[in-house]
Structure formats: structure tokens, C-alpha cells
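Heads up, the thing below is written out as C-alpha cells.
All values reported here derive from a predicted model rather than from experimental measurement. In what follows, chains are A, B, ... by sequence order, proteins preceding strands, each numbered from 1.
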Number of protein chains: 2
Amino acid sequence: MNVSASNERKSSILESLTSLYINTARPVSSSLIKDEFDLSVSSATIRNILVELEELGYIEQPHTSSGRIPTDKGYRFYIDTLMKKQNIRDEEKNELKLACLSSAHKTQEIIDKTSEILAEISNEAAINFFFNLSDSVLKHIELINLSLMQVLVVLITDSGIVRNYIVNFNESISTGELKRISNFLNENLKNTPLVDIKTKLYTLLNEHNLVYLQLAHEACRIFDALEADELFERDYDIHQDGINNIMNQPEFFNLEYLKDVLDVFESKERLAEILKDSFEPDFNNAKVTIGKENRCKGFQNCSLVTAGYKIKDKTVGMFGLLGPTRMAYSRMLPLVEYMAEMMTETLNDFSRDERDE
Amino acid sequence: MNVSASNERKSSILESLTSLYINTARPVSSSLIKDEFDLSVSSATIRNILVELEELGYIEQPHTSSGRIPTDKGYRFYIDTLMKKQNIRDEEKNELKLACLSSAHKTQEIIDKTSEILAEISNEAAINFFFNLSDSVLKHIELINLSLMQVLVVLITDSGIVRNYIVNFNESISTGELKRISNFLNENLKNTPLVDIKTKLYTLLNEHNLVYLQLAHEACRIFDALEADELFERDYDIHQDGINNIMNQPEFFNLEYLKDVLDVFESKERLAEILKDSFEPDFNNAKVTIGKENRCKGFQNCSLVTAGYKIKDKTVGMFGLLGPTRMAYSRMLPLVEYMAEMMTETLNDFSRDERDE
DNA sequence: ATTAGCACTCTTACCTAAAGAGTGCTAATT
DNA sequence: AATTAGCACTCTTTAGGTAAGAGTGCTAAT
């Protein structure tokens, strides 16, 4: 048999072994491969091939005389080259879509709902990480007097995010004054990216006449207060669900692993860190980070499947699915991709609503 | 020796045993009690007393010829009668207080922060459950046009809660119209409990002249939409932190227990259920629910320490601390009580600000 | 190049024995 | 009558040792 044919068979056996291991969670023996896929070769032949695959670093034995499991490199090759993506069932698609639609335009809620439903359907831990806040564009700002020296600032952005900030002042502000500031801000800052607001305000300060000057000054006071209050510090929303799912996976019967993962899931900051690691500006297909490819040391036995969603072609958030490296990639990748697609659709429908206005 | 003296000694030994078990997490032997507390009696005498305590149901042996551990009944007696509450260290008090102050007037944030810091200091799992929303009083309502058929409703209550709801309409509403509705609502509904708003609106419908009639109709449309949207469905905020803390406790090395607890902690609904169970209208001191006293079957080896906080003498939320039944009650109770006290203070300061306005 | 056959390795489960902790009981002591 | 020393007994824990089972790697035959 020539080399190319031999390579083909090697691949086929690696694929079989990987999918068997994913399904059974136990090291795969040569005879199991023979039994499950009628390869018209003996187990001894398969064993010879397994030795080659092991030498190439795609598989390994937990101990001599046990079956074999894929290495990170093996999974990588399986995902990139061998695996066929499964189709998602229509009813599952509907559920995922519904999670977006039912809470469309309520950003905080959509983030919770989508990660919840994704966790349920995938049976892994799911994360939704929406990080566009500072990139998004101001649509409307509303100032509401709470008390003499307190103002509630409601920011509405083009992506439908609504945020409240309470700003405390040292001097009192009258309702009329507030009204004028708010009109001024809406007139001048509409469609300005949040990050640019301060700069634009200072430009306005230099450009306009005295009345405006005073207004802009007061407006600056508000945005200064927002910053001082560290309110732009965390400019993302993140939600996670389904750790209880991965607890049932045999790899997490080891309490140490479980503890490591739970530690990360308890902290929104660390979760955000990790998701950021797999960010890519152009994020069309799902991306997988396998085992030791993860920088985070608690995730060395886990894989993270991520897919980004966009507003007007700009990635503004990501879904993540975390499970053991032995994960049903052929199902998880399309799942996350579809979820991200739906999220993109929903968000862009909202943006379109804006423009129609 | 007479009966009363003997009872005193029994109590003293139960106390010693309980606190030893809380500290060491291992069944307590007669000789350990003798060694740790110089009782000027022999271990044999202590053993005789232990038998009596066992017959009374306060302690039990995991197996014959092991040391003894308190039963739920034993813990109950320890907490209600024997235990002396520890003083909280000043620096800890400061930390707890700071968590309230630093995010005062930002209800969602204060709930997150306080449960976080409480978990850290207690080294158990902490919960903050704020359930007053439907009881609280409308302070201000703001309507903001998002698009032709969408309105953002911002509700501000006397307890400083800010909530956003997006309401979708079938017909379009002009900005002017919206302004009028919002003025009408603020004039007529200020200081109305949220639960009574609908009734009050309908009363207004019958009372006023034609102009008002139309306005009230439109206002009703908004609140109808809010209800249809199931937005009053969950009228509480709840936040949990520190499950990783209890993972380090030896009783949770058993994965089954851990799983049961995690399952509950994953669901805000179930957490709320459980906290509700220990609600009391007049909630001054911390309350403990021990082991099987918990209705929730996953918590049969856990204790829940709760304390309520108030606005104007009405309980509006609770702190909870969850850990193994073998919990440092003498420290945890004062901790939760102090945290609740601080929360009460902070919330009432805010209410006072209102009235000054 | 493939395969049957088999010796070898490693894991797992199960058993046994020994050590250790702690009790309950009895009989002696205060 | 209460206390206690002493000791047999029970149960857990640890270690070691053996047998069964799974799966491999190698060799020699096809």
C-alpha cells in the first residue's frame, strides 16, 4: 500500500478513536475500533497504526497496556481536518432563536437567557460575553433628578444597551438646569462613540459661545463623575450558566479540577480574561482552544469553544462553551456558531429599527 | 451531686464537644474533651455523660467506637442556649460597612458587593436577597422613546432601586404624547406602592375629565404592557457568592453533596425559594436553619444563617450564609447580623435623603 | 503487509492482617 | 453514690498481596 493510502487510513483511525473516546470517556483499544467500524483489518494491524499515531504525537496511553486517548494535538487535527460538523436539530435551533427574540432589546436579559439555554442544550458550561459598551454609540441620554445632589444618568446605545449610573454632586442642580444639560448632550453627542464623548465635550467647550460653554462645563461634570465613580471600569456584560452540567462529566470527578474551574467561573473578571484570549477581530467561525492551549492553568483539561457576534460587521461579543477536552466538538461548534448568528441577527434588527425611526 | 449541677456539666460538655467538632471536623472523643478543657474529671466520667447526651438525642456516633458529633438537635441547643456570640473584629466591620457605602444608591451593585465581601470574610457561601420591589413605593417614572413603537420605562423607587423595562407597542407614540403621559403618571402616582399602581390608574380613569381619561388610558397601556411582558414576574434581586469557599470544607469532599448544593446555587429561583422559607416579618436577630430543618433536600447537611434588613421598619431583604451544619455559628451569626444592620442603615439613609428633597 | 498467538504489563477489585482509635463495661476506689 | 482505672471489644484505616481482566507489543507465520 502506498504512503497516501496509508495516511488516509491513519486519519480514519484517528477519527474513529477520537469519536469513540468522546462517546465512551474511556481509553480506546484496538479491538474496539475494529468492532465499531468494520475496517476489514485485524486489531493487530490497527495496533501498528496506533503506534505510528502515537509516535507522531496525536494519541497517548494513560499507562502501558491501556487503550489510547487523543492528545491536544490529536484533538486539534481532528477538529481542523477530520471532523464533520453535525446538523443541529430544528427544534433546538428554534429554542436558541427564541431565547434571543423573547428578550430582544433587553440586553442584560438576553445575555442571561442565551447563556442559560445554550448551557441546557449543549450540556456544557456556557458563557455570553458582551464587551462592546465602550465601542458603542450613544443614542440617547436621559438625566433624572433623584435628589438635590444626585442625578440618575440613563445611557442608551445603538446596540440596545441600557445602563443606569447614579452620579453624586457636591453642589445641587435644579431640574431646569438638568433639562438644559440633557438637551445639550442629546443634540451634540448623539451617535458619538462612548469612548469619544469626553474629547467631543472638550472640543465643544472651545468652540461654542458662553451659554454653551457653561452647559458643556456642567455636562463635563457629569462625565467626570461617571469616570471618577469607576463606572466605565467594567465595560462589559458577562453571564455564565451550566457548571452543574460539567460536574457530571467523569473528568471532573477529580475535585481538584472541578475546584479550579469553579474558581474561574465565580469571577466575572477572570471569565472575561479568558474569553478575551480567544478574541479575533474577524470572527466568523467557531474557534476552539484545546487543553494546554489555554493560558489559564485551571483549564488545562478543558476546551473552550467560542464564536463572536457582531453589530454592523464589528464583533461586539462572544459565546463560549466550556467542557472537558473530550467534548462533542462536531456538535458544539455548530451550536455555538448558530447561537452567535442568532445573536448577530437580533442585535442588527435592533440597530435597523433605530435607523427607521 | 444534684440534678442541676449535673445538667450544668452536661451542657458544658455538649458545648465543648460542639465547638471542638466545629474546629476539628472530626468526631470528638472523651479524652479530647478532657485534654482541651481541664474538667478535673476522667475520660471515663465524660464517657458516661456522653452516653446520657446521646440518649437525649443531642449527639450521635457515626459508628460504634468512634467519637461523637452533634445532631441537628444538639446544634439547635448549642446555638439557642450554650453558645456565646463572638465579637467581630473592627477591621472586618469596616470592610462590611465599606461594601455598603461604596456602592450605596446603586441597588444592583450593592447586592453584588455585599454578598461578595460577606462570602470572603465568612469563608462560607453568601447570599443577598432583596425582595421588596413590589412593596416599594414609586418615586419617579421616566418614559423614553427608543423608536416609533418602543418605549423605555425607567422606574425609580423609594428604596433606590432603578429598573428599566422596554415596552413594545402596536401603534406608534409621539414624543409629545409620551411627555404628557409621563407627567400625568408622576403627578398622580408618586408615592404609590408598585402593587397598587394598576388599581389607582383605574380609579383615576373613573374620576377625571376627558383629557385625563385619555391620558390614563395610555398610561394603562404602558402598565398593561409591563405586566404582559411578565416584567413583574421576578420582583426581587438576588446574588450569591462563595461556593468555592464551601468546596474546601471536608463535608463537601463528597461530590454528591456538592452537586446538590451547586444545583441550588445555579438557580436564582430556587435560592429565593429557600431564603423565603426562613423569612419572618419581624426579623431582628439572625435565624439559623439547621440540617434537616431545611425543606430543600440538597441542604440536609447544611445550615443556613439568615438576617433581614429593613426600610422604615419593614423587612425588605435578607442576607444568608450557607455552610455545613458544622459551622462556626458563634462567629457567623454576629457577622450576618452586622451585615444586615449596615444594609438597613445604608438603605434608610437613602430614604432619608428623599424626604429632605 | 497483515495477522494469529502469546507473553507481558498495568489496573482494578477483593481479601486479609495489623495497627490505632475510641468505646462500653466491670470492678475497684473514693 | 459517684468516679475511675483497666481492659476487652468494635470499627476504621492502612498496607500488602493475590487473582482476574483488559490491552498491548512482539514474534513468527501467512
Problem set entry | Ionic contact status for A/R68 with A/E60, cut-off 4.0 Å | no
Problem set entry | Short N-O contact, B/D80 and B/R76, less than 4.0 angstrom | yes
For this session: Considering just the side-chain nitrogens and oxygens of B/S42, establish if one lies under 4.0 Å of OP1 or OP2 belonging to D/dT4.
Result: yes
So what's [N] paired with, Watson-Crick or G-U wobble, going by both distances under 3.5 Å?
{"N": "D/dT13", "result": "C/dA18"}
{"N": "D/dA19", "result": "C/dT12"}
{"N": "D/dT27", "result": "C/dA4"}

For this session: Spell out protein contact along nucleotides 14-30 of chain C as letters: B when the base is contacted, S when just the sugar-phosphate is, - when no protein heavy atom is under 4.0 Å; keep the 5' to 3' order.
Result: --------BBB------
Exercise. For residues 18-31 of chain B, which residue pairs qualify under salt bridge (charged side-chain N to carboxylate O under 4.0 Å, His left out), counting only residues two or more places apart or in two chains?
Worked result: none
Seminar exercise, completed: With sequence neighbours left out, the residues meeting side-chain hydrogen bond (donor to acceptor under 3.5 Å, both in side chains) with B/N248 are A/K259
For this session: Among B/E120, B/Q240, B/M339, B/H239, find the one that has a side-chain contact (heavy atoms from CB on, under 4.5 Å) with B/S115.
Result: B/H239
Problem set entry | Option passing salt bridge (Lys or Arg N to Asp or Glu O under 4.0 Å) with A/K10 (candidates A/E52, A/E54, A/E55) | A/E52
For this session: Calculate the interatomic distance between A/H63 atom NE2 and D/dG21 atom C1'; express it in whole Å.
Result: 12 Å
